[in-house]
Chemist: 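Below you'll find the structure I mean.
In each ligand, atom 1 is the first atom listed, and ligand 1 is the first ligand listed.
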Amino acid sequence: MPPEPAPSTPIRTTGQQLRRRSWAEPWKIKMVEPIKVTTAAQRATALRDAGYNTFLLRSEDVYIDLLTDSGTSAMSDWQWAGLMLGDEAYAGSKNFYHLEDTVRRHYGYKHLIPTHQGRGAEHILSQIMIQPGDTVPGNMYFTTTRYHQEHAGAQFVDVVVDEGHDPANPAPFKGNVDLAKLERVLTTAKHVPYVCVAATVNMAGGQPISMANMRAVRELCARQHVPIMLDATRAVENAWFIKTREPGYAERSCGEILREFCSYSDGCTMSGKKDPLVNIGGWLSLNDDQLADKARNMVVVYEGLHTYGGMAGRDMEAMARGIEESVQDDHMRARIGQVEYLGELLQVAGVPVVLPIGGHAVYLDARRFYPHLTQDEFPAQTLAAELYLDAGVRAMERGIVSAGRDHKTGKHHYPKLELVRLTIPRRVYTQAHMDVVAESVTAVFQNPDKPRGLKMVYEPENLRFFQARFEPL
Ligand SMILES: *Cc1c(COP(=O)(O)O)cnc(C)c1O
């Protein structure tokens, strides 16, 4: 057992006595993927060619890639070995039954419908449960989840606690559902097909929801006879936060906490690209037999037969094994511990970050990096560009560019937050990479030579942040 639950803030102890016991990842490296070290001149050219948009950079020009944790995890030797055991039968692959058994054991749901990734499950769930005019409450929206709910004719209503929208509030469970808000929706809306609960809440910065809150949501929904559908994409990360922050759970394992948490819901959608440690895949779980039949009827049209749903047999095997590894406490301690390690280095350096540090990413507050820039000069986009220029670290803008335009007025949405997300892939980078990132972010923060911002020179119609192009002002 490591002597400490998570890596503590490193103290540079030259000449002093080292007071802590160090801690390291519960794995060693068997195969390496070289990454290119670029010069400042090469990065300047690459960034200009990419229109100052990190989404348009070629991955081979990136040194440390913190764009997203989606599908970017490193698989273990046991998962890679599983790929060789792929049963590629069209129907009834043994890997499907292995996956079904694994999901039942760890998540506890009765039926498993595999899909190509999370949004495939969201599509099917929305189509079989939502009627036009329905209302779906949720603890803050996620882009694809809300899209499918609205596409099926529902109106989404945000019922997350107010703290979830406040980047400086250090509350431990900023993903909690506000029970009063939820009750208001349940008692006034014409029809609520289900409540959508996300764990953790991605758009709030990877913030968790507590077991007590989930239990209370369950009791409230049971009184109103409304089912709960979990977005379980990062539910194991959520379980780790319950273990370390909620009284009464310190001695329980992540796996046990996950089982209890899921028991308060009626099904889930899942992106295998996050917690389950694979590069592609997902599933829909349901407890209700009739609903599961409907989902199986639909999955054959959009994804594939109900025993593969868009995944190869080998992909299902790798995911079953990934789930098994993802619920291990040692894995989660290292996963969340690495994100916290980066967050603490930045806090010690005085860099403005969203608090508390979330499960999958550290968010930089770009407004406090560049108070001289107006929102029309794209402070977060500018910061992401500066980070790439400094050391080849790729991050993602979450500000006015991501927020897009109001379709009616044609004006920009002006979100409260101008953030840059440093998202940590699982088991990919070492502590030394995190040191490089922290030093680079700190150097950019302290650089007295401030950038003048950007202007948008090409703007696509939909989801503009992916393809927009900029030039320096
Ligand atoms: C990534 C994600 C999804 C969608 O999953 P995909 O596999 O990308 O389709 C849904 N919900 C949350 C919270 C996510 O982070």
Chemist: Which of the atoms in ligand 1, numbered in the order shown and given with their element, are less than 4.0 Å from a heavy-atom of K274?
Modeler: 1 (C), 2 (C), 3 (C), 5 (O), 14 (C), 15 (O)

Chemist: If you measure from the Lys or Arg side-chain nitrogens to the Asp or Glu carboxylate oxygens, is any gap between R215 and E219 under 4.0 Å?
Modeler: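 Result for this pair is no, no salt bridge flagged.
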
Chemist: Does the distance from a Lys or Arg side-chain N to an Asp or Glu carboxylate O, for K36 and D61, drop under 4.0 Å?
Modeler: yes

Chemist: Output the list of atoms in ligand 1 that are nearer than 4.0 Å to some heavy atom of R119, sorted by atom number.
Modeler: 5 (O), 6 (P), 8 (O), 9 (O)

Chemist: Of the protein's non-hydrogen atoms, which lies at the shortest distance from atom 3 (C) of ligand 1, and what is that distance?
Modeler: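 In this structure, atom 3 (C) of ligand 1 has F142 CE2, 3.4 Å as its nearest protein heavy atom.
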
Chemist: Using the benzene-type ring in the case of Trp, are the ring centres of F55 and F465 under 6.0 Å apart?
Modeler: yes

Chemist: Considering I280, D231, N202, which one's heavy-atom position lies nearest to atom 12 (C) of ligand 1?
Modeler: D231

Chemist: Relative to the heavy atoms of K273, which atoms of ligand 1 are at a distance of less than 4.0 Å?
Modeler: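 Listed by number with element, the hits are 7 (O).
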
Chemist: Please indicate whether any nitrogen or oxygen in G118 is less than 3.5 Å from any nitrogen or oxygen in ligand 1.
Modeler: yes

Chemist: Side chain or backbone, does S70 bring an N or O within less than 3.5 Å of an N or O on ligand 1?
Modeler: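 Min N/O separation from ligand 1 is not below 3.5 Å for S70.
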
Chemist: For the pair R426 and E237, find out whether any cationic side-chain nitrogen is under 4.0 Å from an anionic carboxylate oxygen.
Modeler: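 Here R426 pairs with E237 in a salt bridge, since their nearest N and O are under 4.0 Å apart.
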
Chemist: May I ask whether M203 places a heavy atom under 4.0 Å from ligand 1?
Modeler: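 Heavy atoms of M203 never come under 4.0 Å of ligand 1.
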
Chemist: Taking the side chain from N213 and the backbone from V177, do they hold a donor-acceptor pair closer than 3.5 Å?
Modeler: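 Indeed, once roles are kept as given, a pair shorter than 3.5 Å links the two residues.
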
Chemist: What's the shortest distance from atom 7 (O) of ligand 1 to any protein heavy atom, and which residue and atom give it?
Modeler: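 Looking only at protein heavy atoms, the one closest to atom 7 (O) of ligand 1 is S271 OG, 2.7 Å.
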
Chemist: Is it true that a side-chain atom of Q207 and a backbone atom of P356 form a donor plus acceptor pair closer than 3.5 Å?
Modeler: yes

